[in-house]
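In what follows, a structure is listed as structure tokens, so that the remarks can point back to it.
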Amino acid sequence: MDNTSQSDIRISLEDKEPSWYSRTTRWFSLRSLSATKANLFGCSLGFISTGYQYNVISLLNVIWSIEYTQYYTQSVETRVNNALLYGVLVGQLLFGIIADYFGRKVSLLITSTLIILGAILATAAMGANNSIQGLFWALTIGRGLSGVGSGGEYPCCMPTNSEDGDALSVEKRGRRIALLGPCIEMVAENVVTVVQIILLHIFGTQSSQLEPTWRISIGLVIIPASIVFVFRLCMKNSRLYERDKSIRRRFPLIVVIRSFGWRLVGTCLTWFLMDSIYFSFLTFGADILANVTGSSLMHIAYYQLVNMAWIPMAYLAAFLIDRVGRKNILMFGFFTYAVTLFLIGGLYPLLYGKPAAYLVLYIFQGMFQILLVIPIYLIPSEVYPTVIRSTCYGISAAFGKVGGIVGVQFFLPIANAFSSSQSGYRADFLVAGGIAVVGLLVTYCCIPDWTKISLEKEDDLFWKSVDEYETKHNRPKSHCAETSE
């Protein structure tokens, strides 16, 4: 074959359109992975592990009450359930600060490591001399450690998604953040139920057969956490973060308080109120189903699949968030949530023993609850300047977990304060409805609507206000990324 023929073949091969397989493998190749793709995967896939860990405990409460009837008392149940929330609280505060000062990438690598280590410890939990009390203490410590890592995901991932989204499109930023954060977390919360049903079918539902189910349920989170760790090795801090880092300097704390204090009150209180309801029903939802239906473990597991009906609402909210506005969706969510909770509480005696009727109302409760989750996750990632975005996001989210801890801590005592579980759970629903009404008022008074407002321009306005304050008070500028009193 002459040189001309070889050249023609080579040209034709180069000009040939690559196959879908080639394009797909090249897009997912770590060697050619761009920072944008790495950030997308590194942040969005992290919500798989957080969502999974939040909901895994719901059915495990029923499993442990069957397998360890004498040992899984109310105090032990509350301690094990709160362990993750206490860890999340610490992680949100700690990594909010770390992410602002040392970067999002470093913080996310540490959070992934903590999630994996905590999951390993909880999966392999054993008590000294096969002590059951020691087993639950090991579970408490393991879930607490995973909680620290899971908590750090929020102030690192959501601000990164927000900053990357602002660079791509201010008009569609909200949809991108919602789809890459809370929507994925919502799917993961439902995947865990499917996993547990499969495990129960494999190993059985007798008390002597339940240990493999709960250990594997807890341990499976190691897989997505390990995969996301690899993507995070390729991540880079967002362009907006690097831009702000190049110009940031010491700034007066009073400027932050004056400019963002009221916003911080709003984002903290709305998250506190939502999580006080959300985590109570997420944690004890299976217990309520057992009370209403009187069903077996397997039936309760299948009943929990109705949570999948919430997923379409999450994606609907994501696609409406830029058109309707964050604040409007949040107010509508609190209103409809309150109405549904009052309705279930008022009708609870009539729903007793009627699982179909209860599940219909339960589905609507969850759907309206999702209208809270999307904007509450989104708003703190937008309404603060880059220099304190992760810190303020972490503080807001931490207040949410305080609400979750308070809700979980008082849910059972409220229920047990009445002569029957029927009356007790009814009181829980009515109290939750009142909390939702307070959330509606707080949203109206304290939450700004940051729809389609450029984060970069807001950064410039913040540093301009710092310059004006320093000029007014004759203070010299200092190129140091710290606050001053």
Side-chain angles (χ1 to χ4, degrees), residues 88-104 106-107 110 148 151-152 154-160 162-163 166 237-238 240-273 326-327 376-403 442-443 445-450 453-485:
V88 169
L89 170 63
V90 172
Q92 287 168 337
L93 291 173
L94 178 63
F95 285 99
I97 298 172
I98 293 175
D100 275 336
Y101 281 86
F102 299 102
R104 313 328 191 198
V106 173
S107 304
I110 299 173
V148 175
Y154 292 89
C156 300
C157 290
M158 291 299 288
T160 299
S162 181
E163 291 157 6
D166 193 73
N237 293 318
S238 68
L240 195 60
Y241 177 85
E242 293 296 340
R243 173 184 179 272
D244 184 80
K245 189 176 179 180
S246 67
I247 62 173
R248 69 172 60 176
R249 58 185 185 274
R250 184 187 297 272
F251 55 89
L253 187 60
I254 188 64
V255 175
V256 176
I257 295 174
R258 287 177 178 175
S259 301
F260 307 105
W262 196 241
R263 296 180 194 176
L264 191 60
V265 171
T267 56
C268 287
L269 282 181
T270 50
W271 213 326
F272 176 94
L273 295 168
R326 286 76 157 139
K327 183 173 183 176
I376 282 179
Y377 274 45
L378 180 60
I379 291 169
S381 70
E382 296 181 317
V383 298
Y384 303 108
T386 301
V387 68
I388 57 170
R389 180 170 292 120
S390 287
T391 301
C392 291
Y393 195 101
I395 293 172
S396 303
F399 262 85
K401 295 309 165 283
V402 171
V442 172
T443 302
C445 297
C446 303
I447 296 295
D449 194 344
W450 231 241
I453 296 179
S454 170
L455 303 184
E456 185 172 333
K457 291 181 179 178
E458 287 303 308
D459 282 353
D460 294 337
L461 289 175
F462 170 72
W463 289 115
K464 182 179 179 181
S465 64
V466 171
D467 291 338
E468 291 174 350
Y469 179 87
E470 290 174 337
T471 301
K472 181 178 179 180
H473 294 83
N474 297 318
R475 298 181 61 170
K477 296 181 180 180
S478 175
H479 294 279
C480 176
E482 298 177 358
T483 60
S484 60
E485 301 296 335

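Below, each value reflects all heavy atoms present in this structure, side chains not excepted, and no hydrogens, waters or symmetry copies.
For Tyr377, the ring-ring contact (aromatic ring centres under 6.0 Å, His included) test picks out Tyr154, Trp271, with sequence neighbours left out. Shown here are the side chain to side chain contact (heavy atoms under 4.5 Å, CB included) partners of Glu456, two or more places apart in sequence or in another chain: Asp166, Arg239, Leu240, Arg243, Ser454.
Considering only heavy atoms from C-beta on, Asp459 comes within 4.5 Å of Arg389 through its side chain. In this structure, the side chains of Trp262 and Pro448 stay at 4.5 Å or more apart for every pair of heavy atoms. Residues Trp463 and Phe251 meet the side-chain proximity criterion, which asks for heavy atoms closer than 4.5 Å. Between Trp450 and Leu378, the closest side-chain pair of non-hydrogen atoms is not below 4.5 Å. For the pair Cys392 and Thr267, the minimum side-chain heavy-atom distance is 4.5 Å or more. Put simply, the side chain of Ile395 reaches to within 4.5 Å of the side chain of Thr391, judged on heavy atoms.
Contact record, Cys268 with Ser396: SG-CA, 3.7 Å, taken as the closest heavy-atom pair. Across every non-hydrogen atom of Leu455 and Ser381, the tightest pair is CD1-O, 4.4 Å. Between Arg250 and Glu470 the shortest heavy-atom distance is O-OE2, 3.6 Å. Among all heavy-atom pairs drawn from Gly266 and Val442, the shortest one is O-CG1, 4.3 Å. The two atoms that bring Pro155 and Ala99 nearest to each other are O-CB, 4.2 Å, heavy atoms only. Contact record, Tyr469 with Pro252: CD2-CG, 3.4 Å, taken as the closest heavy-atom pair.
One distance of note links CG of Asp100 with OG1 of Thr386; it measures 8.5 Å at 0.5 Å rounding. To the nearest 0.5 Å, atom CG of residue Leu269 and atom CG of residue Leu264 are 9.5 Å apart. Ile376 contributes atom CD1, which lies 6.5 Å from atom OG1 of Thr443 (distance to the nearest 0.5 angstrom). A distance of 11.0 Å separates CD1 of Ile98 from CG of Leu93, quoted to the nearest 0.5 Å. With rounding to the nearest 0.5 angstrom, the CD atom of Glu458 is 5.0 Å from the CG atom of Leu461. Rounding to the nearest 0.5 Å places CZ of Phe399 at 11.5 Å from OG1 of Thr270.
Judged purely by atom type and a 3.5 angstrom limit, Tyr384 has no side-chain atom pairing as donor or acceptor with the backbone of Tyr393. The closest donor-acceptor contact from the side chain of Ser238 to the backbone of Thr160 lies at 3.5 Å or more, if one exists at all. Here the side chain of Arg104 pairs no donor or acceptor atom with the backbone of Asn237 at under 3.5 angstrom.
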Practice item. Step by step, work out the side chain to side chain contact (heavy atoms under 4.5 Å, CB included) result for Val402 and Phe272. Key: CA-CA 7 Å; Val402 171; Phe272 176 94; 3.7 Å; yes

